[in-house]
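This report refers to the structure that appears directly beneath it.
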Protein chains: 2
Amino acid sequence: MQDNLKLDNQLCFRLYTASRLLTQAYHPLLSGHGLTYPQYLVLMVLWEKDAMPVNDIAKRLLLETNTVTPLLKRMESDGLVTRSKGRDDARQMIVRLTPKGLGLQEKLSCVPEKLGSAVICDSVTPDTIPTLFKMLDDIILKLKR
Amino acid sequence: MQDNLKLDNQLCFRLYTASRLLTQAYHPLLSGHGLTYPQYLVLMVLWEKDAMPVNDIAKRLLLETNTVTPLLKRMESDGLVTRSKGRDDARQMIVRLTPKGLGLQEKLSCVPEKLGSAVICDSVTPDTIPTLFKMLDDIILKLKR
DNA sequence: AAGTTTTATATCGTTTACGATGCAAATATA
DNA sequence: TATATTTGCATCGTAAACGATATAAAACTT
């Protein structure tokens, strides 16, 4: 068989696996707070800028609104955010942090550090991570039309 | 706020996004053959070595059997594989390619090349891809206990 | 102003993922 | 050989993802 159809030669499989495993590594740090990883991502977006319409959150995470809407509804019923109709544009749903959602920022402040140290190894060090970031950023830029 | 809680500083978010976008890029190349990306991964595993028990396929893909089992059942009902009880070990389900599943190998032989060219850019070139592979492999190795 | 198009969000259906749990066959141990 | 443990797979419940489609509000066009 051709080498290019071998699993070990696939970039996508590596990304897919690394992504899943790293997300799994977040699990014990988030589940205690009742959070999933995508919900944690939404919180990070809102911690940077509160009161965002659904569309802006989706764009920031490069997700479709039909993924984000149910995610936000779950977060609303968990008391992490509120969703209310936009004043100027009645089509928009403005998402805002609740005190509970805001309060998690402090409680989760140690998470990135813990995860960071979980991936440090031979080829991935503070020196080489910028290279990795650049490559992933370029791939992402190339793939989002 | 601390920089380490910013989305743009997260490795996991990059991997998660790059993985999703690259998987999406596979979609138009696979959907015509009735395949999803995880199903394509299973085919790659079986093209390398046919007649594998569920467990070996799951291990190769670093997935849990409770993910792979329903995936294989769908592939069975799509006529891509057969599943039959192991002769020596009655607990095992041996998965085998059908002629249809085997035949897809040729039809999909151009997929890796197309996807490869889809990610080539400034920082990701035939020269630098080995570096990227090494970093992702090390991360994966570190994270799978 | 009436009609058309676009935009923002939601709904629906299908397929992953995965933690938790169940069950039967194989293996190890008493 | 009887019992306990492990192993391989399956089932269940929940939460993403995402293509396709629907709906209402806004913006644009005539």
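Letters A, B, ... mirror the listed sequences (proteins, then strands); counts begin at 1. All values reported here derive from a predicted model rather than from experimental measurement. For the numbers below, each heavy atom of this structure counts, side chains included, while hydrogens, waters and symmetry mates do not.
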| query | Is A/Gln105 reaching over with its side chain to a backbone N or O of A/Trp47, donor-acceptor style, under 3.5 angstrom? | reply | no
| query | Quick one: does B/Thr128's side chain have a donor or acceptor within less than 3.5 Å of a partner on B/Thr125's backbone? | reply | yes
| request: Taking only heavy atoms on the protein side, list every residue of residues 82-97 of chain A lying under 4.0 Å from any atom of DNA chain C, sorted numerically. | output: A/Arg83, A/Arg91, A/Gln92, A/Met93
| Interface with DNA chain C, restricted to residues 50-70 of chain B and to heavy atoms under 4.0 Å | B/Leu63, B/Asn66, B/Thr67
| said: If the threshold is 4.0 Å, N to carboxylate O, is there a salt bridge linking A/Lys142 and B/Asp122? | reply: no
| field | Positions of residues 16-29 of chain B (non-hydrogen atom under 4.0 Å from DNA chain D), listed by number | value | B/Tyr16, B/Arg20, B/Gln24, B/His27
| query | With sequence neighbours excluded, what pairs up with A/Lys134 under the side chain to side chain donor-acceptor pair (under 3.5 Å) test? | reply | A/Asp138
Going by heavy atoms in the side chains, are [X] and [Y] under 4.5 Å from each other?
X	Y	result
B/Ile139	B/Leu143	yes
B/Leu46	B/Ile57	yes
B/Lys85	B/Met93	yes
A/Leu35	A/Leu80	yes

| said: Exactly one of A/Val68, A/Leu62, A/Leu61, A/Asn66 should register a side-chain contact (heavy atoms from CB on, under 4.5 Å) with A/Glu64. Which one does? | reply: A/Asn66
| query | So among A/Leu108, A/Leu43, A/Leu104, which one has a side-chain contact (heavy atoms from CB on, under 4.5 Å) with A/Leu30? | reply | A/Leu108
Rounded distance in Å - [atom1] ([X]) to [atom2] ([N]):
X	N	atom1	atom2	result
B/Leu71	C/dC18	CG	C1'	13 Å
A/Leu30	C/dG19	CG	P	13 Å
A/Leu15	C/dA17	CG	P	14 Å

| field | Residues in side chain to side chain contact (heavy atoms under 4.5 Å, CB included) contact with B/Gln10, at least two apart in sequence or another chain | value | A/Tyr26, A/Met44, A/Pro112, B/Phe13
| Under the side chain to side chain contact (heavy atoms under 4.5 Å, CB included) criterion, do B/Val111 and B/Tyr40 qualify, and how do the steps go? | CA-CA 11 Å; B/Val111 167; B/Tyr40 171 67; 3.7 Å; yes
| task | For DNA chain D, note the earliest and the latest nucleotide, 5' to 3', having some atom under 4.0 Å of a heavy atom belonging to chain B. | result | D/dT7 to D/dG19
| query | Heavy-atom count around B/Gln24 CD within 6.0 Å, excluding the residue itself: above 12? | reply | yes
